[in-house]
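Notes to accompany the following structure.
Convention: sequence-line order gives letters A, B, ...; per-chain numbering from 1. Note that these values count all heavy atoms, side chains included, but never hydrogens, waters or copies made by symmetry. Predicted, not measured: the structure shown is a model, and the values here were computed from it.
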There are 2 protein chains.
Amino acid sequence: MSTAEVHRGSSGFANGRALRPSAKSLPEHARGHNRSLVLQTLYGAGTLSRADLARATGLTRVTISDLVAELMVEHLIVETGQRDEARPGKPATMLDINRGGYQIVGIDLSDYAVFRGAVLDLDGVVLERVEVPLDGATGPQATAKVVALAERLVAAASVPLLGIGVGSPGVVDLSGTVLSAPNLGWPSNGAGEPLQATLAAATGLPVIVANDANAAALAEHSFGGALSDMMLVKVGHGVGAGLIIGGTPLFGSRFAAGEIGHVVVGTDGGAACACGKVGCLETWLATPRLDAALAAAGDGTPEADAEREAILRCAGERLGIALAPVVGALDLAEVVLSGPVELLDGPLAEAAIETLRSRTMPTFHGNLVLRMTALGQDIVMRGAAAMVLSAQLGVS
Amino acid sequence: MSTAEVHRGSSGFANGRALRPSAKSLPEHARGHNRSLVLQTLYGAGTLSRADLARATGLTRVTISDLVAELMVEHLIVETGQRDEARPGKPATMLDINRGGYQIVGIDLSDYAVFRGAVLDLDGVVLERVEVPLDGATGPQATAKVVALAERLVAAASVPLLGIGVGSPGVVDLSGTVLSAPNLGWPSNGAGEPLQATLAAATGLPVIVANDANAAALAEHSFGGALSDMMLVKVGHGVGAGLIIGGTPLFGSRFAAGEIGHVVVGTDGGAACACGKVGCLETWLATPRLDAALAAAGDGTPEADAEREAILRCAGERLGIALAPVVGALDLAEVVLSGPVELLDGPLAEAAIETLRSRTMPTFHGNLVLRMTALGQDIVMRGAAAMVLSAQLGVS
DNA sequence: CATGTTTGTTAGTACACCGTACGAACAAAC
DNA sequence: GTTTGTTCGTACGGTGTACTAACAAACATG
């Protein structure tokens, strides 16, 4: 299960941002970039010949052969036989990412009651699933539970692992240290919970830890067909968001990008929030509040149904009010919702997009799309896997 | 006045975004990057020896000598004599950007009544200023006025020009085509006003055209000491914004990033806007509306003064309400205001920051800064110059 | 004056990519 | 069955970039 040759880590998550301002550039960096380019092209297209890759990338067939040879030594690319269709000329030997040769562990710490984990293949398909009840564990106990879950999943993998990705609630810096996750009691010491370092030491594998909503946004971009300028809003016990700007995750000046749960919405009051303010987005949208309001409305009678719909529409309006300035400022192309389908997908989403449309400039933002994610419950785990793909292979 | 050797265009504005996903990378790109790195380091530090540059960049003295020789042939770097201080070892020959060897033309089309232009040196200092009354020109007439202004400024330059930068109102794509600027009657044909191409053809110089608020944001980042995650709000006849994210300008999915003037603010109505909606940010903040409201409040008496202050505070609150979700979502470190000082700097700015603080999470965004720009009226022209520096030299 | 330090250059090496050329393997046409 | 043209993948030589090693020049310091 040695993955020693696969620690290249080229673009995206590993480096944080695309180019640090004062960093020299060497020819070998170009090589790494082109390596990733080959992998990325092959990853997207499925199966191509060397000549196809040359045409797609703009590199020459010679260079492609060289890169492919290097990647085949590392077992990242395999030959899959000759092309099926009959064409004039020498038949092409087809190549593909070694999709069965590596697996990824993805872990989702965002639920308030359970830690979820899975073994995934390189396409982000869940192969094996493990859930661990949280049982109120915080601080070091929570850390121990994460390590144990990771080790179980590592043992469950049937082929070498590319790495471990973790989506954690709270504020996570670029080194994978959780700076603040109150629900999990992190950091238990003062400085920050170095989850990435802890897991790397425990497993000996490459590890990437990032915010859960950021991971979800990346999943939607990698596997959900989302556009390159997108916001993913994750509704659960809290409300958070992840942003993809120009195809790249956005982290923010203090790694707190997407923390919109405690932004006040509207100018007409609202409910009191645990944070001390009044009318935070979470007081309108968080699932416990919504569930309670819906339960109070009753069920069965037409009046109750109407009231339930009004509650959901109101929540959607608040979401739209909060998002309108963000959509306007960032010129987003798409907003994706993640969370309980029965709450979000319906009057809430409809009211949200109507409100967004009525509060932004149609000339600029008319073709804005708002939709539910199609990735369901697995979104954070799959995003964690996408983080590993991005960091280890430069594939996004 | 030949500048034929200086068309390299490395990072930042010329490419739009840092790395396009499917673009090969060659060793010569690394060379270009390191060229820019040398210029950038020298630009920021003022004057350094080759050995200093080697230490600062991480490249070897040999490579630095090679790069410096190339840049000296292009007259972008000059030797400024030996180091003053007495130190052991061979005395160092100091280098600097050829600050007097090139100039830049910056043009500001954002004012509703005049086109402003200037010849600037490489540090963004205005050397010569030209203003042209707009006289209601629109469409082709406006274009002709811009071309004439550019030609006047080109003639006024005393040394070779690095290029021409233009900050235009409206939506401008990455090729410098104005897609929509209603006040100037652009585009006059259907497709878009290709201002960058027109000016390049007329002058034979490199030209960069971008949105005025984006240019202003870049000016603040390059010359105003702004942080790397910043929003600049430009208040005038309209309200627009420019965003710097991770040190890079943000353009948005339809090149409309920063267009927040027609985002509805609050949930309690407001004045009718020309766009058809009610309560747009412009109805609270645009200078004609503010001036009218202040004039109606009167002057001199204590009551009038109090009312004037209340009007300004109210505008500031609205700005804070609109910006809170953006600050939260992007985790901005700084918000900078540009526009009439007598309106913005005072109760308005104070109310804005107070509102922002009360509507966001102090844990995340507590040390947010809101301030006036120190660049005054010249901000767009200087931003246009910064665009040229970024596109031609990779300096930002 | 001898010694050590710093600077900038020369010489040689490693690496990455390109252009050209070539053999291999096939389809189509005769 | 042969010829022709096409496509594929590889071999070779060349160019560009940056590195290490070595060195002469110029200076401060003891």
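Between A:T63 and A:T60, the closest side-chain pair of non-hydrogen atoms falls below 4.5 Å. Considering only heavy atoms from C-beta on, A:I164 comes within 4.5 Å of A:V154 through its side chain. Inter-residue side-chain proximity for B:I77 and B:L39 is flagged as met; some heavy-atom pair is nearer than 4.5 Å. With contacts defined as side-chain heavy-atom distances shorter than 4.5 Å, the pair A:L71/A:V38 qualifies. Looking at A:T57 and A:N34, their side chains never come closer than 4.5 Å, going by heavy atoms from C-beta outward. With contacts defined as side-chain heavy-atom distances shorter than 4.5 Å, the pair A:Q103/A:L120 does not qualify.
Remark: A:N34 is not in phosphate contact with C:dA16, judged by side-chain N or O atoms under 4.0 Å from OP1 or OP2. For the pair A:T93 and D:dC8, the criterion of a side-chain N or O lying under 4.0 Å from OP1 or OP2 is not met. Between A:K24 and D:dC19 there is a side-chain N or O to OP1 or OP2 distance below 4.0 Å. Contact annotation: B:R35 side-chain N/O to D:dA18 OP1/OP2 distance is not under 4.0 Å.
Comparing A:S25 and A:A92 along DNA chain D, the residue whose closest nucleotide (by nearest heavy atom) sits nearer the 5' end is A:A92. Along DNA chain D, the nucleotide nearest B:P91 and the nucleotide nearest A:R55 are compared for position; the residue whose nucleotide lies closer to the 5' end is A:R55.
Of all the residues in residues 59-66 of chain A, A:R61, A:V62, A:S65 reach under 4.0 Å from DNA chain D with at least one non-hydrogen atom.
Between A:L53 atom CG and D:dT10 atom P the separation is 12 Å, expressed in whole Å. In this structure, the CG atom of A:L26 is 13 Å from the P atom of C:dC15, given to the nearest Å. The distance between atom NE2 of A:H29 and atom P of D:dT17, rounded to the nearest whole Å, is 16 Å. Atoms NZ (A:K90) and C1' (C:dA25) sit 7 Å apart, rounded to a whole Å. B:L48 places its CG atom 14 Å from the C1' atom of C:dT7, with the value rounded to the nearest Å. Between B:L71 atom CG and D:dT17 atom P the separation is 12 Å, expressed in whole Å. In this entry the distance linking CD of B:Q82 with P of D:dA28 reads 11 Å, nearest Å. For B:E28 and D:dG16, the CD to P distance is 10 Å, given to the nearest whole Å.
Across all strands shown, D:dG1 is found opposite C:dC30 as a Watson-Crick or G-U wobble partner, with both distances under 3.5 Å.
The side chain of A:R31 has C:dC17 as its nearest neighbour among C:dC26, C:dC17, D:dA18. The side chain of B:R50 has C:dG8 as its nearest neighbour among C:dG8, D:dA18, D:dC8.
A salt bridge links A:E79 and A:R50; the closest N-O separation between the charged side-chain nitrogens and carboxylate oxygens is under 4.0 Å.
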